[in-house]
Amino acid sequence: MHIGILGGGITGLTAAFYLLRAGHQVTVLEARPELGGLATSFNFGPFHWDKFYHCILTSDLPLLQLIEDLGLTPELRWTETKVGFYTGGQLRSMTTTLDFLRFPALSLWQKFRLGLGILYTARIQDGLALEQEPIQPWLERIFGQGNYQKMWEPLLKCKLGAARTQTSASFIWATIRRLYSTREKNASRKECLGYVRGGYRAVFARLVDRVTEMGGNIITGISAEKISSSARGITLTGGQKTMDFDCLVSTIPSRPFARITAGLNAAYRSKLEKIQYMGMVCAALVLRRKLTPYYCTNLTDDLPFTGIIEMTNLISLEETQGRHLVYLPKYTAPGDPLFDATDDEVWQSFRAGLQRVLPDLQDGDIEQRFIFRERLVQPIPVINYSALVPGMQTSVDNLFLANTTQIVNSTLNNNEMVKIARRVTGLVENTRQVQSDRLREDVVPEIAHLGSK
């Protein structure tokens, strides 16, 4: 088969890699000049690193398998990391059991109930039933009103904004399950996170090498304008080009996909258009000094960003030429005025918030700053989300969809996207095999009948 893949992010290139290994012909089409999508790298000046923050968990088995298949396992590095909390105007550690017991924002009873609730939630095996539960009443029932008001509500406000009122309890279950899996399976329960030396730039460089070595074709800077059925399978038009494929896998967000695709039935198109997305505005700082000992600092106080991710508390300073790299993400609705504000306007807001957390931070400590924006990052896990998810096999024959909307009862991360890429490659091969078998059933008897004549 000649398979087209729309989108050159982690999902698209992973699908291309495995489809080529299965013996198919593949062409990848990416609208932007560079590959990578949400995992693309950026030239920060003294060094290259990921544009947005990423880490690898010891439980990320599909992603670790991809890294193994690419021959990059020797480049994996693992680090014990620490977690911080900014609450009540103070920065505090929340890494060890002793840190937890000393945490001043909660009473002893609230701490006991929080710890018990996290253990209970981490042991729930299937979050599907939690999709029916609105998040606030469920959190209050499991953790108590005090924990909800002091911990969960501020964190949800940071992460989801107004969308938290629409979110199901499965969101918290998925978040706790993923974070809990970073803890070592021994008495210390220390958090251990990983990365590939060189970041996702190294991963994508190896993916591109393997794809091209196997005969795959990668075209950047071509924006899809129309997808439609054809006699062969699927026709894609864009950039004054028309390309025909036996089948096409799209990895772009659902609403843009709906706009350019002809022939979708009303039920499938409705699912695409109902999905609500969160966007992200993220400041990335190149610093001359360390800010905190924490990889991730959670915020319960009202601040203009969601958290503080100090990447160089995970990765080696060799990766950043001795500089310290910090991300200040803000998850928000795609229509937030921040997306249209100037970089200076965003920075002034973020700078004031950062000054509250770290009053001793001087402008001279900041070597460079950058503002990155993505409007369509992750779907909001609303009540009964699974019923809204569009299937990978669309209502158009030979046309498949594999994007972030198909993350069910989990959180957005590259491991989930690799898992989705593996699922869609299996579905493509199975669908074409079924079609081939049906064709054989129809054609072979007819040929035999003609031969008898």
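The basis for the numbers below is simple: all heavy atoms, side chains too, and nothing from hydrogens, waters or symmetry mates. All values reported here derive from a predicted model rather than from experimental measurement.
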Requested in this report: Would you mind reporting whether Thr404 and Pro253 have side-chain heavy atoms less than 4.5 Å apart?
Outcome: no
Query raised in the report: Under a 4.0 Å N-O cut-off, is there an ion pair linking Arg373 with Asp336?
Result: no
Requested in this report: Answer yes or no for Arg422 and Tyr18: cation-pi contact, defined as NZ/CZ to six-membered ring centre under 6.0 Å and angle to ring axis within 45°.
Outcome: yes
Report task. Check step by step if side chain to side chain contact (heavy atoms under 4.5 Å, CB included) holds for Ser386 and Leu128. Result -> CA-CA 8 Å; Ser386 292; Leu128 190 61; 3.4 Å; yes
Report task. Please round to the nearest 0.5 Å and tell me the distance separating atom CD of Glu273 and atom OG of Ser254. Result -> 10.0 Å
**Report entry** NZ/NE/NH1/NH2 to OD/OE distance under 4.0 Å, Arg351 and Asp363
**Finding:** yes
Query raised in the report: Just by modelled atom types, is the Gly279 backbone N or O under 3.5 Å from a matching donor or acceptor in the Gln378 side chain?
Result: no
Query raised in the report: At their closest point, which heavy atom of Thr431 faces which heavy atom of Gln393, and how far apart are they?
Result: CG2-OE1, 3.9 Å
Requested in this report: Keeping the roles fixed (side chain from Glu140, backbone from Gly144), state whether a donor-acceptor pair exists under 3.5 Å.
Outcome: no
Report task. Taking atom CZ of Phe100 as the centre, report whether more than 12 heavy atoms of other residues, nucleotides or ligands fall under 6.0 Å from it. Result -> yes
Query raised in the report: Does the side chain of Asn413 come within less than 4.5 Å of Arg178's, by heavy atoms?
Result: yes
Query raised in the report: Any donor and acceptor pair, going by atom type alone, linking the side chain of Thr312 with main-chain N or O of Leu325 inside 3.5 Å?
Result: yes
Query raised in the report: Do the side chain of Asp69 and the main chain of Leu66 share a donor and acceptor less than 3.5 angstrom apart?
Result: no
**Report entry** Point-to-point distance, once rounded to the nearest 0.5 Å, from CG of Asn409 to CG of Leu130
**Finding:** 7.5 Å
Query raised in the report: Can we say Arg32 and Glu374 salt-bridge, meaning some charged N sits less than 4.0 Å from an Asp/Glu carboxylate O?
Result: yes
Report task. Would you mind telling me which of Tyr200, Trp78, Trp49 makes a side chain to side chain contact (heavy atoms under 4.5 Å, CB included) with Tyr195? Result -> Trp49
Query raised in the report: Does a side-chain heavy-atom distance below 4.5 Å link Ile5 with Leu29?
Result: no
Requested in this report: Kindly confirm or rule out a cation-pi arrangement of Lys159 over Tyr331, judged by NZ or CZ under 6.0 Å from the six-membered ring centre and within 45° of its axis?
Outcome: yes
Query raised in the report: Taking 4.0 angstrom as the limit, do Glu367 and Arg323 come out as a salt bridge?
Result: yes
Query raised in the report: Between Glu310 and Val326, which heavy-atom pair has the shortest distance, and what is it?
Result: CG-CG2, 3.7 Å
Query raised in the report: Do the ring centers of Phe42 and Phe372 come within less than 6.0 Å of each other?
Result: yes
Query raised in the report: In terms of heavy-atom contacts, does CG of Leu108 have more than 12 from other residues, nucleotides or ligands at under 6.0 Å?
Result: no
Requested in this report: Would you check if Ile10 and Met417 make a side-chain contact, meaning some heavy-atom pair closer than 4.5 Å?
Outcome: yes
Query - Trace of the side-chain hydrogen bond (donor to acceptor under 3.5 Å, both in side chains) decision for Glu133 with Ser168 - result: CA-CA 5 Å; Glu133 300 252 16; Ser168 75; over 6 Å; no
Requested in this report: Starting from the C-alpha separation in whole Å, work towards a yes-or-no answer on salt bridge (Lys or Arg N to Asp or Glu O under 4.0 Å) for Arg197 and Glu318.
Outcome: CA-CA 10 Å; Arg197 282 206 314 161; Glu318 293 178 3; 5.6 Å; no
Query raised in the report: Heavy-atom distance under 4.5 Å between the side chains of Arg164 and Phe171, does that happen here?
Result: no
Report task. Name the orientation class of the two ring planes belonging to Phe44 and Phe47 (parallel below 30°, tilted from 30 to 60°, perpendicular beyond 60°). Result -> parallel
Query raised in the report: Once the angle between the rings of Phe103 and Phe85 is folded into 0 to 90°, is it parallel (under 30°), tilted (30 to 60°) or perpendicular (over 60°)?
Result: perpendicular
Query raised in the report: Can you find a heavy atom in the side chain of Thr425 that is under 4.5 Å from one in the side chain of Glu429?
Result: no
Report summary line: Looking only at heavy atoms, the pair that brings Val286 and Phe370 closest together is CG2-CE1, 4.2 Å
Report task. Indicate, with yes or no, if the rings of Trp109 and Phe112 have centres closer together than 6.0 Å. Result -> yes
**Report entry** Considering all heavy atoms, the nearest Phe143-Ile118 contact
**Finding:** CE2-N, 3.5 Å
Report task. Measure across Ser170 and Glu131 and return the closest heavy-atom pair with its distance rounded to 0.1 Å. Result -> OG-CG, 3.8 Å
Query raised in the report: After noting the C-alpha distance and the side-chain angles of Gln166 and Gln276, does the key distance pass the side-chain hydrogen bond (donor to acceptor under 3.5 Å, both in side chains) rule?
Result: CA-CA 10 Å; Gln166 308 168 55; Gln276 301 176 64; 3.1 Å; yes
Report task. Determine whether Ile309 and Phe52 make a side-chain contact, defined as any pair of heavy atoms from C-beta on separated by less than 4.5 Å. Result -> no
Query - Lys290 atom NZ: more than 12 heavy-atom contacts under 6.0 Å - result: yes
Query raised in the report: Do the charged groups of Asp302 and Arg356 touch, with an N to O distance under 4.0 Å?
Result: no
Report task. Check whether any side-chain N or O of Glu153 sits under 3.5 Å from a backbone N or O of Met151 as a donor-acceptor pair, and report yes or no. Result -> no
Requested in this report: Measure from the side-chain N and O atoms of Asp50 to the backbone N and O of Ser41, and report whether any donor-acceptor pair falls under 3.5 Å.
Outcome: no
Query raised in the report: Checking side chain to side chain contact (heavy atoms under 4.5 Å, CB included) for the pair Leu114/Trp152: CA distance, chi angles, key distance, verdict?
Result: CA-CA 10 Å; Leu114 179 63; Trp152 292 117; 3.9 Å; yes
Query - N/O donor-acceptor pair under 3.5 Å between Thr167 side chain and Ala163 backbone - result: yes
Query raised in the report: With distance as the sole test, does Ser107 use its side chain to make a donor-acceptor pair with the main-chain N or O of Gln110 at under 3.5 Å?
Result: yes
Query - Donor-acceptor contact present, side-chain Tyr86 to main-chain Ile308, <3.5 Å - result: no
Requested in this report: Write down the atom of Asn403, the atom of Ile252, and the distance for their closest heavy-atom approach.
Outcome: ND2-O, 2.9 Å
Query raised in the report: Quick one: are Lys226 and Ile260 in side-chain contact, heavy atoms under 4.5 Å?
Result: no
Report task. State plainly whether the residues Asp365 and Arg289 are in salt-bridge range, i.e. N to O under 4.0 Å. Result -> yes
Query raised in the report: Is a donor on one side and an acceptor on the other found under 3.5 Å between the side chain of Tyr268 and the backbone of Gly391?
Result: yes
Query raised in the report: Does NZ belonging to Lys271 count more than 12 external heavy atoms closer than 6.0 Å?
Result: yes
Query raised in the report: Do Asp301 and Arg92 sit within salt-bridge range, that is, some charged N less than 4.0 Å from a carboxylate O?
Result: no
**Report entry** Worked check of side chain to side chain contact (heavy atoms under 4.5 Å, CB included) between Val203 and Leu72
**Finding:** CA-CA 8 Å; Val203 175; Leu72 287 172; 4.2 Å; yes
Requested in this report: For side-chain hydrogen bond (donor to acceptor under 3.5 Å, both in side chains), just list the numbers for Thr251 and Thr11, CA-CA rounded to whole Å, side-chain angles, deciding distance to a tenth of an Å, and then say yes or no.
Outcome: CA-CA 7 Å; Thr251 68; Thr11 314; 5.7 Å; no
Query raised in the report: Does NZ belonging to Lys111 count more than 12 external heavy atoms closer than 6.0 Å?
Result: yes
Requested in this report: Test Leu193 against Thr79 for side chain to side chain contact (heavy atoms under 4.5 Å, CB included), laying out the working first.
Outcome: CA-CA 5 Å; Leu193 302 176; Thr79 307; 5.9 Å; no
